[in-house]
Amino acid sequence: MLKKFFPDHYYESIYDIDLFHLREDGIKGFILDLDNTIVARNSSTVSDDLKHWLDLLKEHDIEACILSNNWKQRVSSIAEQVELPLVARAAKPRKGAFKRALDVLGTGKEETVVVGDQIFTDVFGGNIAGLRTILVMPMSNHDGIHTKFLRHLERLVMKRWQKCGVQG
Ligand SMILES: [Mg+2]
């Protein structure tokens with residue numbers, strides 16, 4: 001059961017993800033969390049690094065879609081800036097959230113990876129939905145109230161999976 005909280009890969013940031021290897025492995029779709037994964041939670045600015053990375057995804061023939069539990073105007077404005085489809089108010093970790101994103105991407109479970117900064121929404125949700133999962137370090141320490149609480153539990157889980165040898 002604890003394994004459902006372990007990601008398949010773990011990286012410092014999205015920029016460290018090995019796109020070539022994932023593509024070789026049959027991955028065609030990325031379900032991207034927004035807050036603290038591709039943009040810091042307290043920011044509405046899309047960085048050049050992010051734009052460049054999204055171009056790299058395209059070059060690797062990987063489709064991307066944003067899946068966020070957030071519903072604020074800021075989220076749709078960011079999705080527009082990066083020209084990615086958005087599923088907002090997603091209710092991760094529920095399976096239905098990931099199903100909606102898969103429908104948008106048009107990719108199968110085995111071809112899709114979830115990328116996010118939270119174990120209890122992105123990783124756990126992705127795992128129970130049958131997808132591959134990548135955990136990245138949060139881009140900022142600005143978190144919502146619920147997340148702040150969950151970060152303490154995350155640290156406990158991470159201690160366990162680091163012992164089990166989860167790698168990038
Ligand atoms: Mg997040």
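Side chains included, hydrogens not; waters and symmetry mates left out as well; all remaining heavy atoms used.
Judged by distance alone, the side chain of T112 and the main-chain N or O of G29 form no donor-acceptor pair under 3.5 Å. Of the possible polar contacts, one joining the N127 side chain to the K4 backbone as a donor-acceptor pair under 3.5 Å is found. Judged by distance alone, the side chain of E154 and the main-chain N or O of I119 form a donor-acceptor pair under 3.5 Å.
No more than 12 heavy atoms of other residues, nucleotides or ligands sit less than 6.0 Å from atom CD of E63. Residue Y15 qualifies as enclosed at atom OH: its count of foreign heavy atoms under 6.0 Å is above 12. Applying the 6.0 Å contact sphere to CZ of R94 captures no more than 12 heavy atoms from other residues, nucleotides or ligands. Annotation for K148: atom NZ counts as buried by contact number, over 12 foreign heavy atoms lying within 6.0 Å.
Between V39 and V82 there is no side-chain heavy-atom pair separated by less than 4.5 Å. Between I31 and V113, every side-chain heavy-atom pair lies at or beyond the 4.5 Å cut-off. Side-chain atoms of I17 and W53, non-hydrogen and from C-beta on, do get closer than 4.5 Å to each other. T133 has its side chain out of reach of F6: every pair of non-hydrogen atoms, C-beta onward, lies at least 4.5 Å apart. The shortest side-chain heavy-atom distance between H60 and L22 does not fall under the 4.5 Å cut-off.
In this structure, CD1 in I78 is found 5.0 Å from CG in L34, a value given to the nearest 0.5 Å. Taken from CD1 in I66 to CG in L86, the straight-line distance is 6.0 Å, to the nearest 0.5 Å. Here the CG-CD1 distance, from L32 to I134, works out to 9.5 Å after rounding to the nearest 0.5 Å. Summarising the geometry, atom NE2 belonging to H21 is positioned 8.0 Å from atom NE2 belonging to H9; distances are rounded to the nearest 0.5 Å. From N70, atom CG reaches atom CZ of R41 across 6.0 Å, with rounding to the nearest 0.5 Å. Rounding to the nearest 0.5 Å places CG of D8 at 10.0 Å from CG of L131.
Hydrophobic clustering of Ile, Leu, Val, Met, Phe, Trp and Tyr side chains at less than 4.5 Å, counting indirect connections, keeps V87 apart from I128. Neither V114 nor Y11 shares a network with the other; the hydrophobic side chains, linked directly or stepwise wherever heavy atoms of I, L, V, M, F, W or Y lie under 4.5 Å apart, form separate groups for each. Put simply, L54 and L105 are part of two different groups of oily side chains (I, L, V, M, F, W, Y) that touch within less than 4.5 Å, one to the next. Under a hydrophobic-cluster definition in which Ile, Leu, Val, Met, Phe, Trp and Tyr are linked whenever side-chain heavy atoms come within less than 4.5 Å, directly or via other members, I14 and I27 are assigned to the same cluster.
Remark: A40 pairs with N36, N42, S43, M139, S140 by the side chain to side chain contact (heavy atoms under 4.5 Å, CB included) rule, at least two apart or across chains.
Ring geometry for F124 versus F5: interplanar angle under 30°, hence parallel rather than tilted (30 to 60°).
Contact between P85 and V104 at its shortest, heavy atoms only, is CB-CG1, 3.5 Å. Looking at every heavy atom in both residues, S13 comes nearest to V136 through C-CG1, 3.7 Å. Taking all atoms of both residues into account, the shortest heavy-atom contact from N69 to A91 is OD1-N, 3.0 Å. For the pair V123 and L135, the tightest heavy-atom approach, listed with the atom from each and the gap, is CG2-CD1, 3.8 Å. Contact record, F98 with A129: CB-CB, 3.8 Å, taken as the closest heavy-atom pair. Nearest heavy atoms, M137 versus Y10: SD-OH, 2.9 Å.
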Could you go step by step and tell me if H152 and L156 meet the side chain to side chain contact (heavy atoms under 4.5 Å, CB included) rule?
-> CA-CA 7 Å; H152 294 288; L156 296 176; over 6 Å; no
Please report the C-alpha distance between R23 and D61 in whole Å, then the side-chain angles of each, then the deciding distance to 0.1 Å, and finally whether the side chain to side chain contact (heavy atoms under 4.5 Å, CB included) criterion is met.
-> CA-CA 8 Å; R23 191 63 189 82; D61 256 332; 3.6 Å; yes
Could you walk me through whether L19 and L57 pass the side chain to side chain contact (heavy atoms under 4.5 Å, CB included) test, one step at a time?
-> CA-CA 7 Å; L19 299 180; L57 281 186; 3.6 Å; yes
Would you check, one step at a time, whether the test side chain to side chain contact (heavy atoms under 4.5 Å, CB included) holds for D33 with K92?
-> CA-CA 10 Å; D33 172 51; K92 289 181 279 185; 2.9 Å; yes
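Taking 4.0 Å as the cut-off between side-chain N and carboxylate O, D35 and R74 count as a salt-bridged pair. Under a 4.0 Å N-O distance rule, the pair D55/K51 does not qualify as a salt bridge.
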